[in-house]
Amino acid sequence: MIDPSVLELLPPNLSALARLAGNVWWTWNEGGESLFRDLAPHLWRECLHNPLEILRRVAPDRFSQLTVDPSYVGRLEHLSRSFDDYMQQAPGQHASIRASGAPTGSATWGHLHLPEEAAEHPVAYFCAEFGLHESLRLYSGGLGILAGDHLKAASDHGLPLVAIGLLYRNGYFSQRIGTDGWQREVYDDADFDALPLELVRDAGGSPLLVEVPIRGRAVRIQIWRADVGRVRLFLLDCDVEGNEAIDRWITAHLYGGDAATRIVQEIVLGIGGIRALRALRITPSGYHMNEGHSAFLVLELIRERLLRGASLDDACAWVRERAVFTTHTPVPAGNDVFETSMMRDCLQGYLDDFNGQGETIFGLGRRHPGDEFEPFGMTPLAIRMAHSSNAVSERHREVCARMWSPLWPERSVEESPFRGITNGVHVPTWIAPLMRRLYAEHLGADWLERVDDPDLWAQIDRVPDGELWRIHSLLRARLVAVARDGAEQQWRRAGESDQLVRAARSILDPNVLTIGFARRIAGYKRWDLLLADMDRALALMNHPERPIQFVFAGKAHPRDNEGKRVLQQILAWRGRPELLKRVIFLEGYDHFLGRKLVQGVDIWLNLPLPPLEASGTSGMKVIVNGGLNVSVLDGWWAEAWDGHDGNGWAVGEPWDPASPRAINPSRDRDAADVRAVFDLLEHQIAPLFYDRDRAGIPHGWVTHMKNSIRTLTAAFSASRMVKEYARLYWPGTSLNSR
Ligand SMILES: *Cc1c(COP(=O)(O)O)cnc(C)c1O
């Protein structure tokens, strides 16, 4: 929310800054970031890229300077006009768009493909985390970032969507690495007044409250609104006066707690989310459970029908017609289960509304409904109650069909109704501004509107090799600068020696083949493979003609001591001179660092243990920036790699669904995969990268970059993804007549 005293200070011709800061639209549109950064570059970093915070803190005489700077004022006017135009094309504005005589080009995909009524009944998209920008710390990793990208793409394409999530006071943790190499977690208190959030109020001006029953107590929830372009995101917050102290903590931490914390958070998200929609007078036409955390919403929908006199069967059928579910991981930690006793305890009282059928309800959350010893699983509940259950890649669909086959005892695995809608990334969010301009110049100013059109990318050869290479090399140099900065800051903060802090200024080399490896530090991501053959790694890094260098980032879950130990081993190289120039681990992998990494690397490396990577999205972000993927054939890469090393490289054998270990992988393949990675780097990748013409351009490499851009950008864009989901959201419309 904008601080009123800030508004008073802003000169009239700069007042649009406040309006822009109130909607995260600025984060993915050209010129948004630079407008806020140019207010005061140092302060921008100190404010953690939070525009409302910088507007609060910038010195008044800086405003006096800018108010008479025609270039700055012009940029601001241009951006605020684009924002206004964008917001006018809200879903449902069919009539006004036609009446304005605007060219049909300004109508969105939603205007062209969905009936006007769809806007009155949006789809409600539920998720426990949303990764929109580093300044809004409502996410931990891939799931949240994917959900954030989904909202942005839905906004761009005019899909009528509202989103429901939780507002975490402390969010996920900030990562701090001590001089001992051990990860520590720091939780900061968010200042909601400095975030682009509006507390939702009732007609009388008091905060709009809803209540959910937890352990027989009524817990009050207030609702905040964040605007993501044209999509409204409602965030639920239990830190409300009148709640018992312990209940005010429910929405403090993201994924911090044990099962007892998670179940109450999930009651708030699912049951509270439906109640919030009712209080907001929004009547969705459908409900998308993005991961099982929100699946309690189906209980509330069933309860509503029962209270209106429906039978349990009819209530379930009603819900099933409207619910869509996406599961995001086969790893047990991502599929919450709760003991029946805990369910009874937390939902006491609430279950009274189910006409004595509480035990039947518990069966909905089990693979085998009659097995009263089986705990209640959020994933089975969601699968049973959705008309469409989705995996996030083709490979993941095959895995889910096996994993969840007990839910369809009458069907074979081949007949599983699971669908695969492969994830995609929001290109305007992840692309480097320089690349954006390069494409605009050579592919047409409207290229972003056609980002999911393969015909657009078929023309990538219009971009001259030399220019693509020059821009890419600039972006690599920028990443090196970001790494030096980051290293200096993190080492100084940790209390490392002056010598090491000084050395930060000269780590890495802007001209060396740069490999990025950033992901959660979890067992199946196999970070430890990097340590498996240190001698060979050292030799490759310090090769006299064809050196390589690594940039690492990632967090271990606060309770994952095994992960922290692996990280500590990786960090043991600090101070070893032969490595200092070639490897850096950057603290605090977040949206910002994610962008800089995917924009600057030559190679993005991914070594998960098949088949545990459901999709993975970080590798998709490098494509449009010209980076190349080297990955195990799992998740998205199993369907992306074109098989003859034209658009990247594959490590090791693909997963074999017929193998007895199909869904219980063992790590037998580790040694072979390590060898395969180093063989690729040594014999194919480095030689191709360093094979230059007289002007220093590696044409073979650039051909690979173009192959990757040509064959992958459209298919792995969030534009493609949300349009596929639209067919599930609005099943009766013309979308499905083809
Ligand atoms: C994209 C992204 C992720 C998810 O990437 P994976 O490939 O699934 O590991 C996690 N964290 C951040 C900060 C990201 O940008």
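Each residue takes its place number in the sequence, starting with 1. All values derive from a computational prediction rather than experimental measurement. All heavy atoms count here, side chains included; hydrogens, waters and symmetry mates do not. Both counts, for ligands and for their atoms, begin at 1 and track the order of listing.
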> Exactly which residues line ligand 1, taking a heavy atom under 4.0 Å from it as the test?
Replying inline: G141, G142, I145, W430, R519, K525, Y589, D590, G616, T617, S618, K621

>> Using modelled atom types and a 3.5 Å cut-off, is there a donor and acceptor pairing between side-chain atoms of N29 and backbone atoms of W25?
In response: yes

>> Quick check against the 3.5 Å criterion: does N625 have a side-chain atom that pairs as donor or acceptor with the backbone of A432?
In response: yes

>> Between E613 and K525, does any NZ, NE, NH1 or NH2 come within less than 4.0 Å of an OD or OE carboxylate oxygen?
In response: yes

>> One pair to check against side chain to side chain contact (heavy atoms under 4.5 Å, CB included): V425 and F716. What are the steps and the verdict?
In response: CA-CA 6 Å; V425 295; F716 299 98; 5.8 Å; no

>> Ring-plane angle category for H426 and W28, please: parallel below 30°, perpendicular beyond 60°, tilted otherwise.
In response: perpendicular

>> Before you tell me yes or no, could you show the steps for M541 and Q549 under side chain to side chain contact (heavy atoms under 4.5 Å, CB included), namely the whole-Å CA-CA distance, both residues' side-chain angles and the distance that decides it to 0.1 Å?
In response: CA-CA 6 Å; M541 285 191 267; Q549 61 190 5; over 6 Å; no

